[in-house]
Amino acid sequence: MRNRIGILISLFLLASAVWGQQQPASSASPSTQPSMPGMDMSGHDMSGMQMKDMPMGPEKDSDASAHAMHSMEGHMDMGPHMKMTALRPAKPSDAARAKEVAEAARKASEKYLDYHVALNEGYKIFHPEVPQKMYHFTNYGYAMEAAFRFNPEHPTSLLYEKHGDDYKLIGVMYTAPKRLGEDELDERIPLSVARWHEHVNFCAAPAGRKGEYLNPHPQFGLRGSITTQEACDAAGGTFHPVIFNWMVHVYPFEKDQASIWSVDRQHGDAD
């Protein structure tokens with residue numbers, strides 16, 4: 001099990017007794033933080049990617065961790081590093097199914113309008129010390145559950161904006177194993193309404209060059225210029241076609257379907 005924890009598997013499905021024994025994320029240092037929301041640490045879909053390949057991890061400092069967050073702040077800038085599901089023609093039942101998911105998300109998350117309740121019930125803030133546009137409070141048990149089945153009442157993460165010392169709940173995030181095809185994602189949430197995304201074409205920097213993730217125009221990472229296996233090999237990096245699992249944001253407190261499932265907002269928010 002410890003060996004698997006050293007491995008970064010595809011996004012969004014972790015959780016084990018190890019994470020359950022961690023200190024509350026609000027008091028944890030960057031070196032004790034769990035994986036980024038959406039990383040699959042469950043032992044499924046093993047990609048062989050190591051924690052040391054990421055721009056953060058036990059041996060990384062807070063600057064590298066900050067880069068990991070900021071590199072995902074604006075998906076519109078990620079270009080070839082982000083893949084979205086295709087928008088499908090609507091089937092007769094799609095609108096009703098999507099509404100059911102949104103209503104379940106709203107009902108499940110209303111109790112967490114006070115973020116203290118989320119913390120008390122096992123949600124952990126990912127890197128609270130790093131300024132972020134949006135903060136993920138992740139339940140790693142629910143992330144594990146999502147590896148096997150979809151439960152709209154159990155979102156992997158709660159999404160908050162920070163206002164002073166307080167957090168405002170704005171939405172939730174669901175995850176799904178990267179092994180799933182679009183037909184299977186459509187069974188969870190209709191793809192005529194929702195568009196799932198995943199992070200792709202990641203070239204991990206070689207040893208001794210991890211600091212280059214922080215460059216204004218990096219070669220490596222989720223905003224790097226390298227997007228192919230060949231270019232990554234030539235630069236001495238390690239290429240990963242997909243680094244996280246599928247993810248989708250839902251904003252259930254909005255008033256209309258377009259806003260609840262906003263793709264533009266999902267692009268602009270941080271994962």
Side-chain angles (χ1 to χ4, degrees), residues 11-15 37-40 42 44 84-85 87-126 134-161 167-198 244-267 269-271:
L11 195 217
F12 269 160
L13 313 168
L14 30 105
M39 289 183 181
D40 181 359
S42 67
H44 302 275
M84 307 262 325
T85 56
L87 191 64
R88 294 187 170 189
K91 299 189 293 290
S93 63
D94 283 0
R97 286 205 298 129
K99 183 178 179 180
E100 288 178 1
V101 172
E103 289 180 348
R106 178 178 53 78
K107 291 177 182 178
S109 58
E110 279 179 336
K111 65 184 295 186
Y112 302 119
L113 290 171
D114 180 347
Y115 77 94
H116 295 96
V117 177
L119 294 177
N120 289 337
E121 294 196 5
Y123 281 89
K124 298 181 183 297
I125 313 175
F126 179 75
M134 182 183 66
Y135 292 78
H136 291 71
F137 286 50
T138 298
N139 185 307
Y140 297 100
Y142 291 165
M144 173 66 85
E145 179 185 25
F148 304 99
R149 69 188 188 97
F150 177 60
N151 184 345
E153 296 180 1
H154 291 171
T156 296
S157 297
L158 305 171
L159 309 177
Y160 290 86
E161 292 177 342
Y167 290 90
K168 177 185 177 182
L169 181 65
I170 61 171
V172 306
M173 182 178 75
Y174 295 108
T175 59
K178 70 175 184 179
R179 68 177 182 270
L180 297 190
E182 292 197 5
D183 286 345
E184 293 167 297
L185 294 176
D186 183 69
E187 292 175 2
R188 295 192 174 204
I189 306 175
L191 298 188
S192 63
V193 177
R195 297 188 69 185
W196 296 72
H197 67 271
E198 62 181 358
F244 301 139
N245 289 332
W246 289 106
M247 330 169 205
V248 65
H249 290 185
V250 186
Y251 306 98
F253 303 110
E254 298 297 335
K255 302 302 183 183
D256 59 88
Q257 179 170 280
S259 299
I260 291 171
W261 301 99
S262 173
V263 174
D264 290 339
R265 189 171 182 180
Q266 185 172 190
H267 272 243
D269 285 337
D271 282 331

At their closest point, which heavy atom of [X] faces which heavy atom of [Y], and how far apart are they?
X: Leu180; Y: Ala176; result: CD1-CB, 3.9 Å
X: Leu169; Y: Leu159; result: CD1-O, 3.4 Å
X: Pro252; Y: Ala102; result: CB-O, 3.5 Å
X: Arg97; Y: Pro190; result: NH2-CB, 3.4 Å
X: Glu153; Y: Ala104; result: CG-CB, 4.3 Å
X: Ala194; Y: Thr85; result: O-OG1, 4.2 Å

Taking side chain as C-beta onward, heavy atoms only, is [X] less than 4.5 Å from [Y]?
X: His249; Y: Met134; result: yes
X: Val101; Y: Trp261; result: yes
X: Lys124; Y: Thr138; result: no
X: Phe244; Y: Glu198; result: no
X: Tyr112; Y: Tyr167; result: no
X: Asn139; Y: His154; result: no
X: Ile189; Y: Phe150; result: yes
X: Leu191; Y: Trp196; result: yes

(message) For Lys91, is the NZ atom crowded, meaning more than 12 foreign heavy atoms sit under 6.0 Å from it?
(response) yes
Spacing of [X] atom [atom1] and [Y] atom [atom2] [to the nearest 0.5 Å]:
X: Met84; Y: Arg195; atom1: CE; atom2: CZ; value: 4.5 Å
X: Tyr123; Y: Ser157; atom1: OH; atom2: OG; value: 8.0 Å
X: Trp246; Y: Glu184; atom1: CH2; atom2: CD; value: 11.0 Å
X: Glu121; Y: Lys111; atom1: CD; atom2: NZ; value: 3.5 Å
X: Asp94; Y: Lys99; atom1: CG; atom2: NZ; value: 14.5 Å

(request) Quick one: list whatever passes salt bridge (Lys or Arg N to Asp or Glu O under 4.0 Å) with Glu110, sequence neighbours left out. (result) Arg106
Has the side chain of [X] got a donor or acceptor atom that lies under 3.5 Å from a matching backbone atom of [Y]?
X: Ser109; Y: Ala105; value: yes
X: Glu103; Y: Glu100; value: no
X: Tyr174; Y: Pro152; value: yes

(message) Any carboxylate oxygen within less than 4.0 angstrom of a Lys/Arg side-chain nitrogen, looking at Arg149 and Glu145?
(response) yes
(request) Would you please name every residue forming a ring-ring contact (aromatic ring centres under 6.0 Å, His included) with Tyr160, sequence neighbours left out? (result) Phe137
